[in-house]
Enquirer: 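This is the structure, below, for whatever I ask next.
Chain A is the first sequence line, chain B the second, and so forth, proteins listed ahead of strands; every chain is numbered from 1.
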There are 2 protein chains.
Amino acid sequence: MAYHHGNLRPALVEAATALLDERGPLGVTLRGAARRAGVSQTAPYRHFPDKGALLAAVAEGGFQRLGTAMTRAARAHPADPLRALEAMAIALVRFAARHGAHYRLMCGPAVRGRDHPGLRRAAVAAWELLTTTVTDCQRAGQIRPGDAAGLAFVLWSLVHGLSTLLVDEQLPPVVRQAWGPGELAKHATEVLLQGVAARAPRTAPAPLSPRRRRRPARRPRT
Amino acid sequence: MAYHHGNLRPALVEAATALLDERGPLGVTLRGAARRAGVSQTAPYRHFPDKGALLAAVAEGGFQRLGTAMTRAARAHPADPLRALEAMAIALVRFAARHGAHYRLMCGPAVRGRDHPGLRRAAVAAWELLTTTVTDCQRAGQIRPGDAAGLAFVLWSLVHGLSTLLVDEQLPPVVRQAWGPGELAKHATEVLLQGVAARAPRTAPAPLSPRRRRRPARRPRT
DNA sequence: ACCTGAACACCGTTCAAGT
DNA sequence: ACCTGAACACCGTTCAAGT
């Protein structure tokens, strides 16, 4: 116990992170973190103005770890930004699946980025890894040209939504039991790349016949 | 005050819903809902085993309202399931943007579906509206054939992710200020339909020249 | 059958002290 | 400068009563 000597702040962040991993979001408590750091229940107020500031520090650490994982995944494909993009998407979803409570804290309402510039910077940096790579893909001719932000937020929504569905266990069992987080992310990314609209196969020349005519459709159940 | 006569349960659900809308997730309290319903602080335990059960009832109501909104949106396009799908996606994102705290509760960790079958049924019903319409689109030749669940969960992830990014105000300002929720949903759905990969224009015949060669790509920043 | 009142353990936060 | 201890208002939940 080398605390009480000026390193209490990181000790509190570490304690809160451990509580988050072990007991979930409801288990993170200012008093509990203080207890775990071996310090009185009011000592945290010397280092954080309130509980939200401590949570923001925890979330900031999560974004840094996420950024590291995404960067490492991208490094495996230095000459192929599309593969790098896919690897980063997979890394993000796997991170979320592995650190569910942490991911929820990072993206949830408990922390408001406007009040914590360090957190906001870490979050922006992580997301810019994605958008930058989208631009790289456009430069390389692997993603169709156009407003990069307009495409990047779609990819971002996709991987973030998949992550939260995984964390909150809301995917239907048939999907969840068939594939792991990485496989789901890979599949989702590929679907987004190819699109879901009916069309001729990509690599073949366009057919000479007109596109299939629409049949009358069943209405969704009411 | 016609309570104390057997309709306390719906009154508590209504009170908790109002607290959720007015004060956000942290403002929802068992004691507060009881106060608002004009009843003692322990009276809710006659109708709900714990706070989670009350929250589940609130979330269930949200899924019912969401399902109604999606169904109504789809009804405007009875003969065109692809347009119906788009309309439902827009309705979902708009619902989430308008009832942020409610949507977060519905999809968040506060309520675990396994413990509340009514909630789980309502959630499944809402999501099945989407997946059913995906199948309708495949039957109509508007969405490429293949595993419907594998395509539906991608669409689901997309609209859910966009909704949560909107609710948590995590979209970059350049995106958030340029478009409203409905426009973002419409754009995202169209991007998913068309795909983001570089390719020849859909309606024109395939070009005779080979696809553009990849240039060496810049690495994402480390 | 339905509701109340007192009580317990816990929490975030403040304030007056301690060294 | 950094930490402690007592205190306040609030919460979820339990239990013995009340009608």
Side-chain angles (χ1 to χ4, degrees), chain A residues 1-59 101 104-105 108-112 115-116 119, chain B residues 1-59 101 104-105 108-112 115-116 119:
Chain A
M1 303 292 180
Y3 305 153
H4 316 271
H5 297 98
N7 50 354
L8 177 56
R9 191 193 147 99
L12 286 169
V13 174
E14 188 183 1
T17 302
L19 286 175
L20 185 62
D21 284 340
E22 294 170 11
R23 309 188 196 178
L26 281 72
V28 184
T29 228
L30 207 56
R31 291 164 104 112
R35 273 194 297 269
R36 197 176 183 113
V39 97
S40 96
Q41 296 158 347
T42 53
Y45 287 95
R46 290 293 118 199
H47 301 272
F48 300 97
D50 54 15
K51 184 187 181 184
L54 173 60
L55 293 180
V58 173
R104 206 144 46 196
L105 174 67
V111 208
R112 278 280 169 260
D115 310 316
H116 307 281
L119 168 65
Chain B
M1 301 294 178
Y3 305 154
H4 318 271
H5 297 96
N7 49 355
L8 178 56
R9 189 192 149 102
L12 286 169
V13 174
E14 188 183 0
T17 303
L19 287 175
L20 183 63
D21 284 340
E22 295 171 10
R23 310 188 197 178
L26 281 70
V28 185
T29 229
L30 207 57
R31 290 163 103 112
R35 272 192 298 269
R36 197 175 183 113
V39 96
S40 96
Q41 297 158 348
T42 53
Y45 288 95
R46 288 294 118 199
H47 301 272
F48 300 96
D50 54 16
K51 183 186 180 183
L54 173 59
L55 293 180
V58 173
R104 206 143 47 195
L105 174 67
V111 209
R112 277 281 169 258
D115 310 315
H116 308 280
L119 169 65

Enquirer: So A/Arg35, base contact, sugar-phosphate only, or nothing? Heavy-atom distance under 4.0 Å.
Expert: sugar-phosphate
Enquirer: Quick one: what's the B/S/- string for nucleotides 12-19 of chain C, heavy-atom cutoff under 4.0 Å, read 5' to 3'?
Expert: BBB-----
Enquirer: Looking only at side-chain N and O atoms, does B/His47 come under 4.0 Å of OP1 or OP2 in C/dA1?
Expert: no
Enquirer: Work out which heavy atom in A/Ala59 is nearest to a heavy atom in A/Leu105; give both atom names and the distance.
Expert: N-CD2, 4.1 Å
Enquirer: So, B/Arg9 and B/Glu14, do they make that salt bridge, N to O below 4.0 Å?
Expert: no
Enquirer: Please name all residues satisfying side chain to side chain donor-acceptor pair (under 3.5 Å) with A/Arg31, sequence neighbours left out, ordered by chain then number.
Expert: A/Gln41
Enquirer: Does some side-chain heavy atom of A/Val13 sit less than 4.5 Å from a side-chain heavy atom of A/Phe48?
Expert: yes
Enquirer: Report the distance from atom CG of B/Leu54 to atom C1' of D/dC11, rounded to the nearest whole Å.
Expert: 14 Å
Enquirer: Report yes if the side chains of A/Leu30 and A/Tyr45 come closer than 4.5 Å at any heavy-atom pair, otherwise no.
Expert: yes
Enquirer: Given a 3.5 Å cut-off on both pairing distances, which stems involving DNA chain D, each at least three consecutive Watson-Crick or G-U pairs, are present, if any?
Expert: C:4-8 with D:12-16, C:12-16 with D:4-8
Enquirer: Rounding to a whole Å, what distance do you find between B/Leu55:CG and D/dC11:P?
Expert: 14 Å
Enquirer: Taking B/Asp50 for its side chain and B/Ala53 for its backbone only, find out whether a donor-acceptor pair lies under 3.5 Å.
Expert: yes
Enquirer: Given atom CZ of B/Phe48 and atom P of C/dC2, what is their separation to the nearest angstrom?
Expert: 13 Å
Enquirer: Show your working on side chain to side chain contact (heavy atoms under 4.5 Å, CB included) between A/Arg23 and A/Val28 and close with a plain yes or no.
Expert: CA-CA 7 Å; A/Arg23 309 188 196 178; A/Val28 184; over 6 Å; no
Enquirer: What is the distance from atom CG of B/Leu19 to atom CG of B/Leu12, rounded to the nearest 0.5 Å?
Expert: 10.5 Å
